[in-house]
Enquirer: 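Before I ask anything, let me first share the structure, which is written out below as structure tokens.
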There are 2 protein chains.
Amino acid sequence: MNKLILLIMPKSADEKRVKILESAKRRFAHYGMSKTTMAEIAKDLSFSKALLYYYFPDKNSLYCAVLDYVITEQEEDILEVLRPITNTERAIMVILEKRMEYIKKYYNLFEYTFNTGKDVPEDLGKVIICSFEKQHEQIISILKNGAKSGELVIDNYEETARLFLFSLMGMRLIVIKDIKHSFFPTKEEFDAILEMQKKMAKIFIKGLGA
Amino acid sequence: MNKLILLIMPKSADEKRVKILESAKRRFAHYGMSKTTMAEIAKDLSFSKALLYYYFPDKNSLYCAVLDYVITEQEEDILEVLRPITNTERAIMVILEKRMEYIKKYYNLFEYTFNTGKDVPEDLGKVIICSFEKQHEQIISILKNGAKSGELVIDNYEETARLFLFSLMGMRLIVIKDIKHSFFPTKEEFDAILEMQKKMAKIFIKGLGA
DNA sequence: ATATTGAATATTTAAAAGAATTGGTCAAAT
DNA sequence: ATTTGACCAATTCTTTTAAATATTCAATAT
């Protein structure tokens, strides 16, 4: 009997952990990091505040966990959509679309990551960098495929992918910066960014062409 | 005698205006907009504060005038260096170098322009947009030359130039954002940005190639 | 031992009040 | 028309206080 409990408890515990994660995700995505309190998250689940601290050492860790959770979801989603695609340009387009989809969906969640004026907490920085690395690897992989199939000619994959990512990210930054007046960019504004990114990507890819 | 004075005075007045402009430029370039006071500028010249307001309606106008002054200087400088250059890529490289040179030199002057979280005052916005337009026109002109000489193939000059500018500016933003901890980016950091911009520009140009 | 809580404490943020600095005006003088 | 010193108004900077929120912990239940 005791053994049975021992085997089951961890799973139940994990379930609670996930519940917290999901609940926090909803609140963070809707209200952002700073406008979400631990008390609210606890209340949503009828847990005590203290229980949150049993599963996560502090608010920032919880936020990081949520961020990581969403990023992973996104990565898997992209991987899935990417599977049947062979053409390089098409692959890039699909990635851009998916990413924009997630940014739209979780804007307030990511927003804290973007704006953080002060120096980012150690572990948040790690999550961000890790995410960037994954994107980087993905672009590298696509570039290599493109080279293998003879579509592209590239001397330095690592650097080229980084340049590509930077100019796309920068483009997003610069447009977002322009529309800072409203809290939340409109659909049209998101679409405008996406369109620019796509066009820019096309020229870039052609520039790498054989 | 009176007539003589009447003819000379305006020039002297203008000279004072320029003196104020130069003095303000030095202060703004060194300490930035917010850390420069009208009193200081006046003191530098042994003028009274009120005199500044005789020549410029308010501080913001003075700042705009200085900004415009420097931007014009830069434009002329670039035009000068550009004259003997015919090759498209070379032209772009020279522009990038010159611009970075000015950003380095007048970093604190421009900084206010970049960071302005709140909505920019009407006339400052005008100066910024005007500057962007000029850069835009310049890139368009270079692209057209490139097309004429057969180096490039472009369907939409206006849009292509805008994409190009955005991705360069964004690249600068994104790197500057990363090094926000220190007040002033180091020479190495400036150089890093410039290098990225150059490489990015090269790929972009090749992507427009015939 | 693990999971959970209510209540207590420690930090952060927000608001208010007051002082100091700085931007901007004006009547008078040159 | 140009220039100034003295004055006022607006803004920023400090200090204080109060409120909100994060975080801890001893005690309890499982």
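Each chain gets a letter, A, B and so on, in the order its sequence line appears, and its residues count up from 1.
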Enquirer: Should A:Tyr53 be listed as having a side-chain N or O under 4.0 Å from OP1 or OP2 of C:dT5?
Expert: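 Indeed not, no polar side-chain atom of A:Tyr53 lies that close.
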Enquirer: Are OP1 or OP2 of D:dT3 and a side-chain N or O of B:Tyr54 less than 4.0 angstrom apart?
Expert: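 False: B:Tyr54 side-chain N/O out of range (4.0 Å or more) of D:dT3 OP1/OP2.
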Enquirer: Give each protein N/O atom lying under 3.5 Å from an N/O atom of nucleotides 17-19 of chain D, with the pair distance.
Expert:
none

Enquirer: Could you tell me whether A:Lys134 and A:Glu75 have a side-chain N and a carboxylate O separated by less than 4.0 Å?
Expert: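 Looking at A:Glu75 together with A:Lys134, the answer is no, because their closest N to O distance does not fall below 4.0 Å.
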Enquirer: Assess, by modelled atom type and distance only, whether the side chains of A:Ser48 and A:Tyr54 contain a donor and an acceptor separated by less than 3.5 Å.
Expert: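 Result is no, nothing qualifies.
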Enquirer: Whole-Å distance between C:dT5 C1' and A:Leu45 CG?
Expert: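 In whole Å, C:dT5 C1' and A:Leu45 CG are 15 Å from each other.
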Enquirer: Without decimals, in angstroms, what is the distance between A:Arg17 CZ and C:dA3 P?
Expert: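 Rounded to the whole Å, the gap is 12 Å.
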Enquirer: So what does A:Ser61 hit on the nucleic acid, given a heavy-atom distance under 4.0 Å: a base, only sugar-phosphate, or nothing?
Expert: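 The answer is nothing, as A:Ser61 stays clear of every strand by at least 4.0 Å.
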Enquirer: Measure the distance from CE on B:Met33 to P on C:dT22 and round it to the nearest whole Å.
Expert: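 The answer, rounded to whole Å, is 14 Å.
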Enquirer: In whole angstrom, give the distance that lies between atom CD1 of B:Ile20 and atom P of D:dT4.
Expert: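 Computing the B:Ile20:CD1 to D:dT4:P distance gives 10 Å.
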Enquirer: When you get a sec, tell me which of C:dA3, D:dT3, C:dG6 is the closest nucleotide to the side chain of A:Ser48?
Expert: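 Nearest listed nucleotide: C:dG6.
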Enquirer: Could you pick out which residue, B:Asn60 or A:Phe47, lies toward the 5' side of DNA chain C when each is mapped onto its nearest nucleotide?
Expert: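 This one resolves to A:Phe47.
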Enquirer: Without hydrogens or angle criteria, can the side chains of A:Glu22 and A:Tyr69 be said to hold a donor-acceptor pair below 3.5 Å?
Expert: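 A pair is found: one side chain offers a donor N or O, the other an acceptor, under 3.5 Å apart.
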Enquirer: Does the side chain of B:Lys49 get closer than 4.0 angstrom to OP1 or OP2 of D:dA6 through an N or O atom?
Expert: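 B:Lys49 to D:dA6 OP1/OP2: no side-chain N or O under 4.0 Å.
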Enquirer: Taking atom P of C:dA29 as reference, at what distance in whole Å does atom CG of B:Leu51 sit?
Expert: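 One finds 18 Å between P of C:dA29 and CG of B:Leu51, rounded.
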Enquirer: Please determine, for the side chain of A:Lys59, which listed nucleotide (C:dG6, D:dT23, D:dG5) has the closest atom?
Expert: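 Closest of the options to the side chain of A:Lys59: D:dT23.
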Enquirer: Is any NZ, NE, NH1 or NH2 atom of the basic residue among B:Lys198 and B:Asp191 found under 4.0 Å from an Asp or Glu carboxylate oxygen of the other?
Expert: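 Judged by the 4.0 Å cut-off on N to carboxylate O distance, B:Lys198 and B:Asp191 do not form a salt bridge.
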Enquirer: What nucleic acid atoms does A:Ser34 come within less than 4.0 Å of, heavy atoms only: base, sugar-phosphate, or nothing?
Expert: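 Nothing, no heavy atom under 4.0 Å.
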Enquirer: If the threshold is 4.0 Å, N to carboxylate O, is there a salt bridge linking A:Glu73 and A:Lys25?
Expert: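 Yes.
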Enquirer: Any salt bridge between B:Glu133 and B:Lys126, counting N to O under 4.0 Å?
Expert: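 So B:Glu133 does not pair with B:Lys126 through a salt bridge.
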Enquirer: How many whole angstroms separate atom OH of B:Tyr55 from atom C1' of D:dA1?
Expert: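 Checked: the OH to C1' distance equals 9 Å.
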Enquirer: Atom NZ of A:Lys43 and atom C1' of C:dG6: how far apart are they, to the nearest Å?
Expert: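 Rounded to the whole Å, the gap is 15 Å.
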Enquirer: Tell me the closest heavy-atom pair linking B:Leu82 and B:Ala91, and the distance in Å.
Expert: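 In terms of heavy atoms, the two residues are closest at CD1-O, 3.8 Å.
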Enquirer: Using atom CD of B:Glu15 as one end and atom C1' of D:dA1 as the other, report the distance to the nearest whole Å.
Expert: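 Answer to the nearest Å: 16 Å.
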